[in-house]
J.: 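Supplied in structure tokens, the structure appears directly below.
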Protein chains: 4
Amino acid sequence: MASNKAPERRASIGAQRNPASEEAILTAAAEILAEGGFGAFSIEAVARRAKAGKPTIYRWWPSKAALLLDVYQRQKTFDAQPDTGDVERDLAIFLKSLLSFWAEGPQGNIFRSIIAEAQSDPAAEKALSDYAADRRIHTGEIIRRAQERGQVPAETDASLLAETIAGFAWGRLLTGNANSPPEELERAVHQMVAGIIRP
Amino acid sequence: MASNKAPERRASIGAQRNPASEEAILTAAAEILAEGGFGAFSIEAVARRAKAGKPTIYRWWPSKAALLLDVYQRQKTFDAQPDTGDVERDLAIFLKSLLSFWAEGPQGNIFRSIIAEAQSDPAAEKALSDYAADRRIHTGEIIRRAQERGQVPAETDASLLAETIAGFAWGRLLTGNANSPPEELERAVHQMVAGIIRP
Amino acid sequence: MASNKAPERRASIGAQRNPASEEAILTAAAEILAEGGFGAFSIEAVARRAKAGKPTIYRWWPSKAALLLDVYQRQKTFDAQPDTGDVERDLAIFLKSLLSFWAEGPQGNIFRSIIAEAQSDPAAEKALSDYAADRRIHTGEIIRRAQERGQVPAETDASLLAETIAGFAWGRLLTGNANSPPEELERAVHQMVAGIIRP
Amino acid sequence: MASNKAPERRASIGAQRNPASEEAILTAAAEILAEGGFGAFSIEAVARRAKAGKPTIYRWWPSKAALLLDVYQRQKTFDAQPDTGDVERDLAIFLKSLLSFWAEGPQGNIFRSIIAEAQSDPAAEKALSDYAADRRIHTGEIIRRAQERGQVPAETDASLLAETIAGFAWGRLLTGNANSPPEELERAVHQMVAGIIRP
DNA sequence: TGGTAATCGAGACGGTACGTCTGGTCTTAGG
DNA sequence: CCTAAGACCAGACGTACCGTCTCGATTACCA
């Protein structure tokens, strides 16, 4: 991605964090995840590619998970807040955008890695849980706007629906099915929104 | 005549798989996962606890993931097929049972490990994807029964709803929130089933 | 060496040693040693190539060393007993023949393997020591003939000279220098026989 | 402030070889060879006894043979250069000293191991061959001194005689007969030096 | 003539060691 | 006090052999 052929040593710049090192490390980590997935991701590999010392990494990121999260948040530019005036359409756009975002760039691989890491590292689990809650609030805005419009009853739990949609997306990502046909996703959203009970 | 120096050794029973070894290995693996989670799970550790040789494990389970799946399927006795005559109630029971099942026994930890492993091992990803599809069919039966009763329209995609519910459960499990208040789960199912659009 | 393309299984011929198996095993062992040296030699490899069961090998040869010795003695056709009437010439012929014999065929590799094995297996050490003593007697005949002719004093220790020559040959073999120029070997023998003290 | 959980650990001393580790590894290796011979010698065992990581060993000694040679040269204090004024006496002292040196200390076992290893590892073979050539030059000095005195003709090949004596000693060592009666060794040297041809 | 006994190939068993990789800690030398 | 570098111990990885065991079959020998 970022070409990295600096022939010169990247020495200390004194008693402070060297932004060039941070940059090189995050870039290297992202490239490794994009190229080889979670299996290829190790602190050793990152240090090797970034031409950094392992302690430099450990100094700033206490765990593999912290580095992963930093990489994800740095890359992440996904911020779909569709507002067509129709909640179903908005949510369908959101879901389709999220899965394409994961399927097309390296971010899908990175986020999968974070989830994987969270299954054995409690700190990563906590971070992931917090991150998910935050995203729920964010996504919930779509629904809250519909509530303000009167399209959705006030007693609807926006967070719970946001969680439902996110859970669906996670399931696809984690089983290697992030690349889903749009119609299917639209159908899924339609069922969530319209319900299935015969009127 | 046969000297009995090591009476507890589990020798070969000829050119065929020894069920006692298989048993010991699966049991050891399950115990390790229950006690220490995925972080403590290694082929070495399993071999040590099962008093088996590493090659014996590799002979029958080509990868860590294969062993994990075997352990999960062996333990798994969760087979809720509630049939109260009301689809929402059935699905709520299903979701609550699944999450309790994961929260209370070791199976939650084991399944989390499988998902984690699937993020770096393509074979595990495939196995997980297949397993999920299979479970979807199984869970879909609840909805198909409702369709036969006329409670749910025939054009509803049962598999997609099953996936939605499963995705929700995965999300809770993977963020360490398998232990959820039942009312919340009921509310989630209610929204999925009844929809959120104002009539 | 012996072509071995028997498509049929080599079954038991009753409660007795099957000569076809013995043959196949010794042939396979010799071929492996000739091709890959001691490093490639393992009971597994022999069993594989001979299409024999490991227990069949262990039944008849209690140790790797026993098999090695059997292979060596089966191959060994070196039996130089030159008798030109001149002891120096006889011994030079003997030494040159021995080293060519080792350098040209597989027997050099096999004998090196036996010596190597003898360094960690006491049984092999004993067998090697006995074998060496036996060969000493054999080689000593050359000198004893010279004593009978009156060319060599009666008090000369024939066995000790035989050992000296054998030791020289071993040294060359074990350092990978079995392929020595004949003149050098003649010079070595000349010094041993004629002495070095100024008359 | 520095937690002292494992005060006896031998940590890194920076980006450079830690002499304490080298010391511990060589000592452990020597002890294992002295106690159990070549059969007990494995990198695992050395690492275990030295409380070192295997990679630390592989970092500095690329092969088992390299470690063996280092151990031998470190132990080796045998440096007999007798100078009595009589070449036969000098050589007899040399041979007797060498075999006692091998028979009494661990060095015999170590050197046997090196020879054994050289039979399957080409690098070890080369190292052994070079080492033997070097020792030949060293031992040859005894003979060259005699040549200067005029006791031995100038045309005598000192290296070849040194090789003869060394070969004799190797033969004894490798067959487990390092512990030889001195008279026998004296007789052997006498024959080599005085020749056997009737005047 | 039928039962016993030893053989055969095959291959699984619990183990040990291999040589490599990574984890996380520590120290150095230089800015 | 930071930086790159890299050594340190620890231990998991997946593979190759070790020597032992049991299997089912195949025969020779003996009752």
J.: Quick one: D:Gln16 CD to E:dC26 P, roughly how many Å, whole number?
T.: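 So the CD-P distance, D:Gln16 to E:dC26, works out to 17 Å.
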
J.: Would you say D:Ser21 reaches F:dA7's phosphate, i.e. side-chain N/O to OP1/OP2 under 4.0 Å?
T.: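 D:Ser21 to F:dA7 OP1/OP2: no side-chain N or O under 4.0 Å.
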
J.: How many Å lie between CZ on B:Phe38 and P on F:dA12, as a whole number?
T.: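 From B:Phe38 CZ to F:dA12 P: 14 Å.
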
J.: Measure from the side-chain heavy atoms of B:Ala15 and tell me the nearest of E:dA10, E:dG24, E:dG15.
T.: E:dA10

J.: Select base, sugar-phosphate, or nothing to describe what A:Glu44 touches, counting heavy atoms under 4.0 Å on all strands.
T.: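 Touches a base.
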
J.: Is the distance from OP1 or OP2 of F:dC8 to the nearest side-chain N or O of D:Arg59 less than 4.0 Å?
T.: yes

J.: Do the side-chain N and O atoms of C:Glu23 and C:Thr27 include a donor-acceptor pair separated by under 3.5 angstrom?
T.: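 There is such a pair between these side chains.
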
J.: Would you mind reporting whether A:Val71 and A:Ile114 have side-chain heavy atoms less than 4.5 Å apart?
T.: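 When only atoms from C-beta onward are counted, A:Val71 and A:Ile114 do not touch, as no gap falls below 4.5 Å.
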
J.: Take the protein atom CD1 of A:Ile57 and the nucleotide atom P of F:dA4, then report the distance between them rounded to whole Å.
T.: 9 Å

J.: Report yes if a side-chain nitrogen or oxygen of C:Trp60 is closer than 4.0 Å to either non-bridging phosphate oxygen (OP1 or OP2) of E:dC8; otherwise report no.
T.: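 The answer is yes; a side-chain N or O of C:Trp60 sits under 4.0 Å from OP1 or OP2.
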
J.: Say whether, by atom type as modelled, one donor and one acceptor occur between the side chain of A:Gln119 and the main chain of A:Ile115 under 3.5 angstrom.
T.: yes

J.: Taking atom P of E:dT22 as reference, at what distance in whole Å does atom CD1 of A:Ile43 sit?
T.: 12 Å

J.: Expressed in angstrom and rounded to an integer, what is the separation of B:Trp61 atom CH2 from E:dA12 atom P?
T.: 13 Å

J.: Could you state the OH-P distance from D:Tyr58 to E:dT22, rounded to the nearest angstrom?
T.: 17 Å

J.: Let me know the distance between CD1 of B:Ile32 and C1' of F:dA12, rounded to the nearest Å.
T.: 13 Å

J.: Taking for each residue the nucleotide of DNA chain F bearing the nearest heavy atom, is the 5' side occupied by D:Gly53 or by B:Phe41?
T.: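 Of the two residues, D:Gly53 wins.
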
J.: Quick one: is B:Arg17 getting a side-chain N or O under 4.0 Å of the E:dA12 phosphate, OP1 or OP2?
T.: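 Checking E:dA12 against B:Arg17, no side-chain N or O comes under 4.0 Å of OP1 or OP2.
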
J.: Looking at E:dG9, F:dA10, F:dC13, which one has an atom nearest to any side-chain atom of B:Lys64?
T.: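 That would be F:dC13.
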
J.: Does any part of the side chain of C:Leu69, heavy atoms only, come nearer than 4.5 Å to the side chain of C:Trp61, both counted from C-beta?
T.: no

J.: Where the side chain of C:Thr56 meets the backbone of C:Ala52, is there a donor-acceptor pair that is under 3.5 Å apart?
T.: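 No: the side chain of C:Thr56 does not pair with the backbone of C:Ala52.
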
J.: Let me know, please, whether A:Ala40 or A:Pro55 comes out on the 5' side of the other along DNA chain E by nearest nucleotide.
T.: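 So the residue in question is A:Ala40.
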
J.: Looking at F:dA4, E:dG19, E:dC8, which one has an atom nearest to any side-chain atom of A:Thr56?
T.: F:dA4

J.: Backbone N or O of D:Leu26 within a donor-acceptor pair of the D:Asp70 side chain at under 3.5 Å?
T.: no

J.: To the nearest Å, give me how far apart CD (C:Glu22) and P (E:dT7) are.
T.: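 Taking CD of C:Glu22 and P of E:dT7, I get 13 Å after rounding.
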
J.: Does OP1 or OP2 of F:dC17 have a side-chain N or O of C:Arg48 closer than 4.0 Å?
T.: yes

J.: I'd like to know if B:Ser42 reaches the base of F:dA12 with its side chain such that a donor and an acceptor end up less than 3.5 angstrom apart.
T.: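 It does not, because no donor-acceptor pair links the side chain of B:Ser42 to the base of F:dA12 below 3.5 Å.
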
J.: Confirm from the modelled atom types if D:Lys54 and E:dG19 form a donor-acceptor pair under 3.5 Å, side chain to base only.
T.: yes

J.: Start at the 5' end of DNA chain E and walk down; is the nucleotide closest to C:Ala52 or to B:Ile13 reached first?
T.: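 In this pair, the answer is C:Ala52.
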
